[in-house]
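Let me begin by presenting the structure, written as C-alpha cells, before commenting on it.
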Amino acid sequence: MAEAEVKLEESWKHVLGPEFSDPYMHELKRFLVAEKEAGKRIFPKGSEYFRALDLTPLDEVKVVILGQDPYHGFGQAHGLCFSVKPGVRIPPSLVNIYKEMETDLGIPPARHGFLEHWAEQGVLLLNSVLTVEESQAASHQGKGWERFTDAVIRAVNDECDGIVFILWGSYAQKKAAFVDQQRHLVVRSAHPSPLSAHNGFLGSRPFSKANAYLQSIGKDPVDWRLPEQV
C-alpha cells in the first residue's frame, strides 16, 4: 500500500503518509487482497475503509468516539463506528446511545442509524479495526489496523488542542490511554452494548459534557440531533 496510491483526505495524508510505506501496511494490504481472492466478502467496501477520516479532516476534529470493529452483517458497515446505512435496522448499542442522548439532551431517538451528520461536524467516528469478514466478528483483529488507528489517535492528540475523547468501554479506554488530559477532555464510561450499558453508560451524560467543554474553550458545540432521512 504505497502512499501515492492511497486515496485519503489531504490533512490526514500529510500526517499519516509514512504509515503507508511501513511494512505492516504492506502486510495488511496483502492479507486483504488474499481474503478477497479467496472469495470472502469484506465490509465495508474498499472506498469506505477511511470514510471516518475523509468526512472529518484533522483540523476539523472536535470529538473522537472510538469503536472496536465494523459491523459484520450485510449492508451495515460504511466506515463510521456505531453507524449504519440508511434503511438498516438500528443496532442495539446505538439504540442505547440514542436513549442516553434523550436523557442527556432531550433529543428524541432518530428513526435511523446514519451518523454522517455528526462526522461532518467534527466528530471522528473511528473504529480500531477498519475491516471485517462477513458474519465473522473480530476476524481482522491483529492484522495491522490497530497500529494504523493508534497513529490516527496520536495525530489528534499531538496536532490538535481541546479535543473531547469519548471512550466507551475498557477497549477504547486502553487504546487511548496515552491521550494528554492536560490538553484534552477524556470522558469515560461503560460501553453502550446491552451487556454493559447499565453498568455506567446510561446516565453518564457524554453529549452534554462534550458540548459544555467545547463551549468553555470557544468552540461551537456539536448538534447531536440527526436529520431525518428522506
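In this text, all values refer to a predicted model and were calculated from it rather than measured experimentally.
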Going by heavy atoms in the side chains, are [X] and [Y] under 4.5 Å from each other?
{"X": "Val132", "Y": "Trp145", "value": "no"}
{"X": "Lys175", "Y": "Asp150", "value": "yes"}
{"X": "Leu126", "Y": "Thr149", "value": "yes"}
{"X": "Arg51", "Y": "Leu80", "value": "yes"}
{"X": "Pro206", "Y": "Asp104", "value": "yes"}
{"X": "Lys62", "Y": "Asp220", "value": "yes"}
{"X": "Val179", "Y": "Leu167", "value": "no"}
{"X": "Glu133", "Y": "His140", "value": "yes"}

So, applying side-chain contact (heavy atoms from CB on, under 4.5 Å) with [X], which one of [options] is it?
{"X": "Val63", "options": "Leu185, Ile163, Asn211, Leu214", "value": "Leu214"}
{"X": "Phe201", "options": "Glu100, His191, Lys99", "value": "Glu100"}
{"X": "Leu124", "options": "Ile65, Leu53, Leu58", "value": "Leu53"}

Enter the distance from [X]:[atom1] to [Y]:[atom2] here, rounded to the nearest 0.5 Å.
{"X": "Phe165", "Y": "Asp180", "atom1": "CZ", "atom2": "CG", "result": "9.5 Å"}
{"X": "Ile90", "Y": "Tyr98", "atom1": "CD1", "atom2": "OH", "result": "5.0 Å"}
{"X": "Trp118", "Y": "Glu120", "atom1": "CH2", "atom2": "CD", "result": "13.0 Å"}
{"X": "Lys7", "Y": "Lys13", "atom1": "NZ", "atom2": "NZ", "result": "10.0 Å"}
{"X": "Leu32", "Y": "Thr131", "atom1": "CG", "atom2": "OG1", "result": "4.5 Å"}
{"X": "Glu146", "Y": "Gln141", "atom1": "CD", "atom2": "CD", "result": "6.0 Å"}

Compare every heavy atom of [Y] with every heavy atom of [X], then report the nearest pair and how far apart it is.
{"X": "Gly67", "Y": "Phe82", "result": "CA-CE1, 4.1 Å"}
{"X": "Pro192", "Y": "Ala197", "result": "O-CB, 3.6 Å"}
{"X": "Val88", "Y": "Gly75", "result": "CG2-O, 3.3 Å"}
{"X": "Glu102", "Y": "Pro108", "result": "OE2-CA, 3.9 Å"}
{"X": "Tyr71", "Y": "Ala77", "result": "O-CB, 3.5 Å"}
{"X": "Asn157", "Y": "His184", "result": "O-NE2, 3.0 Å"}

Passes side-chain contact (heavy atoms from CB on, under 4.5 Å), Leu94 versus Leu115? Steps please. CA-CA 10 Å; Leu94 187 53; Leu115 304 183; 4.2 Å; yes
Start with the C-alpha gap between Leu55 and Leu125, add the side-chain angles, then the distance that decides, and say whether side-chain contact (heavy atoms from CB on, under 4.5 Å) holds. CA-CA 9 Å; Leu55 284 176; Leu125 295 165; over 6 Å; no
Could you tell me whether Arg41 sits above the aromatic face of Phe74, with NZ or CZ closer than 6.0 angstrom to the six-membered ring centre and within 45 degrees of the axis? no
Please say whether more than 12 non-hydrogen atoms of neighbouring residues, nucleotides or ligands are located less than 6.0 Å from CZ in Arg89. no
Do [X] and [Y] share a hydrophobic cluster (ILVMFWY, side-chain heavy atoms under 4.5 Å, transitive)?
{"X": "Leu195", "Y": "Tyr171", "value": "no"}
{"X": "Val222", "Y": "Val64", "value": "no"}
{"X": "Val164", "Y": "Phe178", "value": "no"}
{"X": "Ile217", "Y": "Val187", "value": "yes"}
{"X": "Leu105", "Y": "Leu226", "value": "yes"}

May I ask you to decide if the ring planes of Phe50 and Phe20 are parallel, tilted or perpendicular, using 30° and 60° as cut-offs? perpendicular
What verdict does the side-chain contact (heavy atoms from CB on, under 4.5 Å) test give for Lys85 and Glu48, after you've listed the backbone C-alpha separation in whole Å, the side-chain angles of each residue and the deciding distance to 0.1 Å? CA-CA 12 Å; Lys85 293 179 180 178; Glu48 294 175 333; 4.0 Å; yes
Determine yes or no for a side-chain-to-main-chain donor-acceptor pair under 3.5 angstrom, with [X] supplying the side chain and [Y] the backbone.
{"X": "Thr56", "Y": "Ala119", "value": "yes"}
{"X": "Lys143", "Y": "Val129", "value": "no"}
{"X": "Ser83", "Y": "Gly113", "value": "yes"}
{"X": "Glu228", "Y": "His112", "value": "no"}
{"X": "Trp224", "Y": "Ser208", "value": "no"}

Could you go step by step and tell me if His117 and Gln121 meet the side-chain hydrogen bond (donor to acceptor under 3.5 Å, both in side chains) rule? CA-CA 7 Å; His117 178 64; Gln121 296 179 78; 3.2 Å; yes
Verdict with reasoning, Leu16 to Val152, per side-chain contact (heavy atoms from CB on, under 4.5 Å): CA-CA 7 Å; Leu16 297 173; Val152 173; 3.8 Å; yes
